[in-house]
There are 2 protein chains.
Amino acid sequence: MQNTPPEQTPPCHCHGGFIAEHDHGPCVNHALERAATLCRERGVRLTPQRLRVLELVWRSSRPLQAYALLEELRVQQPTTAAPIVYRALDFLIQQGLVHRIESQNSYAACRHPDAVHDGQFLLCTHCGRAVELESRPVSEQVRAAAEGVGFEVSQQTLEVHGLCPRCQGGPQHG
Amino acid sequence: MQNTPPEQTPPCHCHGGFIAEHDHGPCVNHALERAATLCRERGVRLTPQRLRVLELVWRSSRPLQAYALLEELRVQQPTTAAPIVYRALDFLIQQGLVHRIESQNSYAACRHPDAVHDGQFLLCTHCGRAVELESRPVSEQVRAAAEGVGFEVSQQTLEVHGLCPRCQGGPQHG
DNA sequence: CATCGACTGTTATATTGTAACATATAACTC
DNA sequence: GAGTTATATGTTACAATATAACAGTCGATG
Ligand SMILES: [Zn+2]
Ligand SMILES: [Zn+2]
Ligand SMILES: [Zn+2]
Ligand SMILES: [Zn+2]
C-alpha cells in the first residue's frame with residue numbers, strides 16, 4: 001500500500017460502490033480507454049458520438065435518462081435529436097458498456113464490461129444512486145430456478161429498490 | 001380426485017404455469033372472488049372499474065399493456081381515457097393483485113396475491129407468455145447479497161427473458 | 001343535510017421511444 | 001484510386017407511454 005501510484009494506468013477504484021466521494025476523473029478515463037480497447041478487439045466502432053455518450057453516463061453519479069443525455073449533448077451540438085442518443089445507447093448496451101435500468105427508464109455505465117453478466121442493480125430511492133450488484137451466485141440461482149420449471153434463460157434483469165448505506169437512519173443527505 | 005367438482009368454489013389450478021391449455025374461466029372467477037375478499041378484509045374498495053381491469057388482466061394469456069387495456073375498456077365504454085386505466089392499475093399493484101413488468105411496460109395478474117412477495121417473472125421472448133417464478137430462496141439470496149454491501153432492501157424485481165418449455169426446440173407455435 | 005374524503009370523468013400535456021428517409025462516412029473489392 | 005457496399009449520422013415527423021390538473025360524483029359520517 002504505497003501513496004499515489006506513479007504513471008501506471010490509473011486503476012478505477014470506485015467500482016460504483018456506495019463509497020465516499022473521490023476524484024472520479026481517473027476512473028472515467030480508465031473506463032473509456034478500456035471501452036476503446038474492448039471495441040477494437042471486437043471489431044466494432046466506438047465512434048466519437050458513442051464515446052461521448054459513454055463518457056456522460058460514466059461521469060454522472062447516478063443513472064441518466066435518455067432525454068437528460070440529449071440535453072447534455074445539445075450543449076455542444078444544439079441540433080442533436082433523440083435518435084442520436086437512442087442509437088448510441090443501443091450500441092453501448094449491445095456491447096455491454098451500459099445497462100438499462102428498466103424501472104427508471106434510465107441508463108448506467110457498466111462497471112465491469114470485460115465479462116458478460118446480467119444486469120443487477122441496487123437503486124437507492126433516496127439519493128437516486130445505483131450500484132451494480134453483480135452477484136454470480138444470484139444469477140446462477142435464478143437460472144437454476146428457471147430451468148427447474150423448464151425455462152431456457154437468455155437474459156435476466158434484477159432491480160432492487162431500497163436505501164443505500166449513506167441514506168439509512170434519518171432523512172438527511174441528498 | 002372426482003370428475004368435475006360440484007358447487008364448491010372452483011380452485012384455480014393454472015397458477016400461471018407454462019402448462020397445457022385449460023378452461024381458464026373458473027380460475028378467473030375464483031381469482032376475482034379472492035381479490036374481493038382480500039380487499040374487503042383490508043378495508044379498501046375494489047370498485048367495478050378496478051374489478052373490470054383485474055378481470056381483463058386475468059383473462060389475458062399474456063401481460064397486457066395499459067393502452068391495450070384501455071381499448072378493451074372502450075368496447076363497453078367508448079369515452080374511457082388513459083387515467084382510468086392507470087389509476088386502476090396503481091390500485092391493483094398497491095394491493096398486490098397485479099404486477100408491473102418493467103421491461104415490457106406491461107401488467108400481469110398476480111397468481112398468489114395472498115402473501116406479499118417480490119415480482120419475479122419468466123418472460124418468453126417467443127410466445128410472449130409470462131409466469132411468476134415466485135421463488136422465496138431467490139428473494140432471500142438477493143436480500144442477503146444486498147445487505148452484504150449495506151443496502152436496505154424495500155422491494156425487488158426480477159425479470160428473466162428466454163424460451164418457455166413450449167417454445168423451445170424449433171420456431172413453431174405462437 | 002352538510003361536510004369530508006375517495007373515486008371518476010375529462011382535457012390537455014409531458015415523457016419516452018421509433019419509423020422513415022436522406023446524407024455522409026468508412027470499409028472492402030477490383 | 002474508382003466503384004461498391006455496409007455502417008453511421010442528420011433530420012423530421014410521429015407513436016407509445018404516462019401524468020397533471022381540475023371539475024364532478026358518490027358514500028359515509030356526524
Ligand atoms: Zn455491468
Ligand atoms: Zn442513497
Ligand atoms: Zn405475484
Ligand atoms: Zn413461449
D/dT12 P sits how many Å from A/Leu70 CG, rounded?
14 Å
Going through the distances and angles, do B/Tyr107 and B/His99 end up as a ring-ring contact (aromatic ring centres under 6.0 Å, His included)?
CA-CA 6 Å; B/Tyr107 304 85; B/His99 295 283; over 10 Å; no
Rounding to a whole Å, what distance do you find between A/Arg74:CZ and D/dT9:C1'?
15 Å
Just to confirm, is there a sub-4.0 Å distance from OP1 or OP2 of D/dA18 to any side-chain nitrogen or oxygen of B/Arg100?
yes
B/Pro83, nearest nucleotide to its side chain (from D/dT17, D/dG10, C/dT10):
C/dT10
Taking all heavy atoms of B/Arg143 and all of B/Val153, pick out the closest pair and write down the distance.
NH1-O, 3.8 Å
Is any side-chain N or O of A/Tyr107 closer than 4.0 Å to OP1 or OP2 of C/dG17?
yes
Rounded distance in Å - CG (A/Leu64) to P (C/dT15)
16 Å
Taking the side chain of B/Ala81 as its heavy atoms from C-beta onward, which of C/dT11, D/dT11, D/dT17 lies nearest to it?
C/dT11
Atom CD1 of A/Ile84 to atom P of C/dT25: distance rounded to whole Å?
13 Å
Phosphate oxygens OP1/OP2 of C/dG9: is one of them under 4.0 Å from a side-chain N or O of B/Thr79?
no
same_hphob_cluster(A/Phe91, A/Val98) at 4.5 Å side-chain heavy-atom cutoff
yes
Does a side-chain N-to-carboxylate-O contact under 4.0 Å join A/Glu134 and A/Arg136?
no
Given atom OH of A/Tyr86 and atom P of D/dT11, what is their separation to the nearest angstrom?
19 Å
Within less than 4.0 Å of OP1 or OP2 of C/dT15, is there a side-chain N or O belonging to A/Gln65?
no
Nearest to the side chain of A/Asn105, which nucleotide is it out of C/dT16, C/dT18, C/dG9?
C/dT16
Pairwise distance CG(A/Leu97) to CG(A/Leu38) - rounded to 0.5 angstrom:
6.5 Å
Salt bridge or not for B/Glu55 and B/Arg52, using N-O below 4.0 Å?
yes
Separation of C/dG17 C1' from A/Leu89 CG (nearest whole Å)
11 Å
B/Gln94 CD - C/dC7 C1' separation (whole Å)
15 Å
Can you list, in residue-number order, the parts of residues 36-53 of chain B that come under 4.0 Å of DNA chain D, counting heavy atoms only?
none
Rounded to whole angstrom units, what separation is found between the CG atom of A/Asp90 and the P atom of D/dT7?
15 Å
Any side-chain to backbone donor/acceptor pair from A/Glu159 onto A/Glu102? Under 3.5 Å, distance only.
yes
So for A/Arg87 and C/dG17, does any side-chain atom that can act as donor or acceptor lie under 3.5 Å from a complementary atom in the base?
no
So, B/Tyr67 and D/dT17: ring centres less than 5.5 Å apart, planes less than 30° off, yes or no?
yes
